[in-house]
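Below is one structure, written out as C-alpha cells; the observations come after it.
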Amino acid sequence: MTTVPRLTDAERDAALSSLPGWVLRADGLAICKTFRFGDFAEAFGFMTRIAIQAEKADHHPEWFNVYNRVEITLTTHDAGGLSTRDVALARAIEQAA
C-alpha cells in the first residue's frame, strides 16, 4: 500500500481558496461541494465524465445523486484526510462542470 501525504492546514486552506464553492467537512478530513444541473440526464452525464477521470487517476469520489443534484465528497483514505489527489480531482471536476 502506498502512503499518500496528508495536506498541512496551510496547504489545505490554500487549495480551498482556489476551489470556489468547495467547503471543508466538519471533521476537517474532506472537502465537499453540491452541483445542480438542468435535469437528471445532465447530472448523470457529469457523473460519467468524472467517473472516467477518477478511474484514470485511481482516485474515486464519494458522491450522492438525486435527480439534478450531485453531492461530492473528496478525501484520501490512505492519507487519513486531504491530499493533493483530492485537490487535483476537485480541479478536474470544476473543469467538467
Are Val23 and Leu89 co-members of a hydrophobic cluster defined by side-chain heavy atoms under 4.5 Å apart? no
By the side-chain hydrogen bond (donor to acceptor under 3.5 Å, both in side chains) test, which pairs, at least two apart or in different chains, include something from residues 43-58? Glu55-His60
Hits for salt bridge (Lys or Arg N to Asp or Glu O under 4.0 Å) against Arg25, two or more places apart or cross-chain, chain-then-number order -> Asp27
Backbone N or O of Gly81 within a donor-acceptor pair of the Arg6 side chain at under 3.5 Å? no
Of all heavy-atom pairs linking Gly80 and Leu29, the shortest is O-CD2, 3.4 Å
For residues Ile31 and Trp63: do they belong to one hydrophobic cluster (side chain heavy atoms under 4.5 Å, members Ile, Leu, Val, Met, Phe, Trp, Tyr)? yes
Ile93 and Leu74, any side-chain heavy atoms less than 4.5 Å apart: yes
Considering non-hydrogen atoms only, spot the tightest contact between Ala43 and Asn65 and give its length. CB-ND2, 3.9 Å
Do Ile72 and Phe64 land in one hydrophobic cluster if side-chain heavy atoms of ILVMFWY residues count as linked below 4.5 Å? no
Return each pair, listed once, that meets ring-ring contact (aromatic ring centres under 6.0 Å, His included) where at least one residue sits in residues 76-97; pairs must be two or more places apart or across chains. none
All pairs passing ring-ring contact (aromatic ring centres under 6.0 Å, His included) where residues 26-56 contributes a residue, at least two apart: Phe35-Phe46, Phe37-Phe46, Phe40-Phe44
Qualifying side-chain hydrogen bond (donor to acceptor under 3.5 Å, both in side chains) pairs with a residue from residues 29-44, counting only residues at least two apart or across chains: Lys33-Glu94
From Thr75 atom OG1 to Leu82 atom CG, the distance as rounded to the nearest 0.5 Å: 5.5 Å
Taking salt bridge (Lys or Arg N to Asp or Glu O under 4.0 Å) as the test, write out the residues that go with Arg12, two or more places apart. Asp9
Applying side-chain hydrogen bond (donor to acceptor under 3.5 Å, both in side chains), can you list everything that pairs with Thr84, at least two apart in sequence or on another chain? none
Taking the side chain as every heavy atom from C-beta outward, state whether Leu7 and Val87 have any atom pair closer than 4.5 Å. yes
Sequence neighbours left out, what passes salt bridge (Lys or Arg N to Asp or Glu O under 4.0 Å) with Glu71? Give chain and number order. Arg69
Can you hop from Ile52 to Val70 via hydrophobic side chains spaced under 4.5 Å? no
Mind checking side-chain hydrogen bond (donor to acceptor under 3.5 Å, both in side chains) for Ser83 and listing every partner two or more places apart, or none if nothing turns up? Thr76
Which residues satisfy the side-chain contact (heavy atoms from CB on, under 4.5 Å) test with Thr8, sequence neighbours excluded? Ala10, Glu11
